[in-house]
Amino acid sequence: MVLAIEKILNDEYLGRRVSIRGWIYRKRRVGKLIFLVVRDSTDIIQCVMEKNKIPAEDFKLLDKVGVESSVTLEGTLRKDDRAPTGYEIEAERIKIIGPSYNFPITRDKSDDFLLDNRHLWVRSREMNAILKIRHTVFGALHEYFREKGYYESQAPMFVTGAVEGGATLFEVPYFGKKAYLTQSSQFYLETLIFSLEKVYTVAPSFRAEKSRTRRHLTEYWHAEAEAAWYHNEDMMQDEEEMIVYIIQRVLEDRKKELEFLKRDREFLESIEKPFKKMRYEELIKFAQDHGVEIHYGDDLGADEETAITKHFDGPVFITHYPRKIKPFYHRPDPENPKVVLCHDLLAPEGYGEIIGGGERIYKLEVLLERMEENGLNPENYYWYMDLRKYGSVPHSGFGLGMDRFVWWIAGLTHIKYAIPYPRTIRRTRP
RNA sequence: GCCGCCGUAGCUUAGUUGGCUGGAGCGGCCGGCUGUUAACCGGCAGGUCGCAGGUUCGAAUCCUGCCGGCGGCGCCA
């Protein structure tokens with residue numbers, strides 16, 4: 001029986017005959033010995049081929065092929081401290097399934113080269129670890145929402161208008177007309193709460209902004225939720241519970257991967273709810289006290305966000321932003337209409353914003369007032385306004401940038417490492 | 001939209017106050033090695049120094065234009 005490499009890195013199989021299949025990760029020829037490090041999706045193991053213990057032809061063939069050849073291999077398992085994962089297979093039989101010669105990726109590769117060869121670089125142990133963490137993050141998100149009584153649904157990717165005035169849309173030809181790629185599913189989720197009450201979706205969002213930073217993609221994975229009867233605080237409570245749940249899952253299930261990436265696990269372990277909450281004006285004061293030059297009414301720039309969040313010991317909610325710097329759909333605070341009932345969640349360690357959310361306006365006249373303020377034509381939002389005409393309810397929602405979340409949890413330097421095939425302003429391949 | 005940086009072998013790069021034949025590591029090919037750890041050792045092949053023009057006795061090096069790429073800001077999740 002073929003076993004996963006992870007399974008045989010274990011005393012249980014010592015001295016026993018085992019079969020594995022995978023790809024040659026490293027190959028070293030030392031005289032009449034060949035050391036192979038074989039990898040599969042689970043781990044790596046060193047295998048030794050002795051020239052006089054396997055068929056001469058096999059040895060010759062193996063000597064010729066390069067790394068990343070796919071192989072099946074059979075042999076006896078033993079312990080050896082000199083082997084990279086502590087165990088080693090003394091091979092008796094080896095079969096080359098798909099040979100590989102001159103694999104393009106060797107040592108000393110630039111970032112850019114690895115991006116051009118992402119289809120091959122995804123095989124690396126680094127990417128393998130990141131992709132597994134990403135898998136766990138996405139899975140845990142679904143677990144959380146479903147457990148919490150949210151229904152999963154889907155919104156269209158082809159749309160005709162912007163959710164937020166400022167964000168730039170990708171225009172696509174649509175049977176002689178123009179359509180756009182969605183940049184948020186929020187408005188559609190808002191329609192669905194009148195049926196399902198609590199809904200969420202995980203979908204790509206597209207932004208045609210010419211952002212060239214370590215935290216931007218033109219196509220990114222957006223987890224969005226919307227809940228009827230929820231006020232701003234209720235939403236924040238679900239969010240912090242969700243964030244903590246997902247981090248716990250990653251800490252439990254992806255210990256090995258976090259370690260491989262040298263992520264500071266203790267820091268992640270220290271993250272607990274409730275998260276610290278700061279009003280926008282407190283944040284400005286906090287920033288000024290830490291030597292960041294920013295004034296009331298300014299939006300947080302990238303530099304400010306990095307500088308501020310480096311002083312955080314966990315994620316922090318920022319609430320009550322001035323209405324001028326937030327999108328029109330946020331509900332103005334009845335106690336101080338100059339600010340809105342919204343919240344951004346800033347990840348610590350310099351990572352910055354990963355969630356944007358808030359309470360939505362549910363009264364038609366307030367919505368009209370805010371649209372006018374922002375120079376928006378209500379006709380373009382007829383269906384969004386209908387929601388405020390027929391049985392409106394207070395409700396809140398948020399959007400989480402999944403790639404940013406993975407970026408932070410895995411402790412990566414650039415968001416492009418958090419997704420298998422990053423789409424940025426200047427890259428659409430592979 | 002704005003600011004900055006870089007194009008030298010398949011890859012990573014040294015060489016840029018102009019000066020002899022543009023060096024090296026990895027990868028490739030040939031050979032050696034029974035305990036390697038991105039193995040090591042010896043040998044060989046591999047270059048339109050991004051492209052075009054200019055300055056000069058002489059240009060990878062200086063100037064102009066073009067092309068390609070990268071990083072950051074703004075905007076945003």
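Note: hydrogens, waters and symmetry copies are ignored here, and every other heavy atom, side chains too, is used. Per chain, numbering begins at 1; letters A, B, ... match sequence-line order.
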Opposite nucleotide pairing with B:rC73, Watson-Crick or G-U, both atom distances under 3.5 Å: B:rG1
Could you tell me which nucleotide pairs with B:rC62 by Watson-Crick or G-U wobble geometry, both distances under 3.5 Å, or answer none if nothing does? B:rG54
Return the value, rounded to whole Å, for the distance between atom [atom1] of [X] and atom [atom2] of [N].
X        : N      : atom1 : atom2 : result
A:Arg107 : B:rC26 : CZ    : C1'   : 5 Å
A:Leu115 : B:rG68 : CG    : C1'   : 16 Å
A:Arg214 : B:rC76 : CZ    : C1'   : 15 Å
A:Leu120 : B:rG27 : CG    : P     : 18 Å
A:Gln46  : B:rU36 : CD    : P     : 10 Å
A:Glu50  : B:rU36 : CD    : C1'   : 13 Å

CZ/A:Arg93: more than 12 non-hydrogen atoms of other groups inside 6.0 Å: no
Considering every strand and a 4.0 Å limit on heavy-atom distances, what is the contact class for [X]: base, sugar-phosphate, or nothing?
X        : result
A:Asp403 : nothing
A:Lys51  : nothing
A:Thr213 : base
A:Phe113 : sugar-phosphate
A:Ile354 : sugar-phosphate
A:Ile105 : nothing

Given the [atom1] atoms of [N] and [M], what is the spacing between them in whole Å?
N      : M      : atom1 : result
B:rA24 : B:rC66 : C1'   : 32 Å
B:rC20 : B:rA60 : P     : 10 Å
B:rG58 : B:rG19 : C1'   : 7 Å
B:rC67 : B:rU48 : C1'   : 16 Å
B:rG23 : B:rG65 : P     : 33 Å
B:rC11 : B:rC70 : P     : 15 Å

I'd like to know if the side chain of A:Ser211 reaches the main chain of A:Thr213, judged simply by a donor and an acceptor atom lying under 3.5 Å from each other, with no hydrogens or angles considered. no
Between A:Tyr87 and A:Leu14, is there a donor-acceptor pair closer than 3.5 Å when you use the side chain of the first and the backbone of the second? no
Among residues at least two apart in sequence or on other chains, which ones pass side-chain contact (heavy atoms from CB on, under 4.5 Å) with A:Asp313? A:Lys276
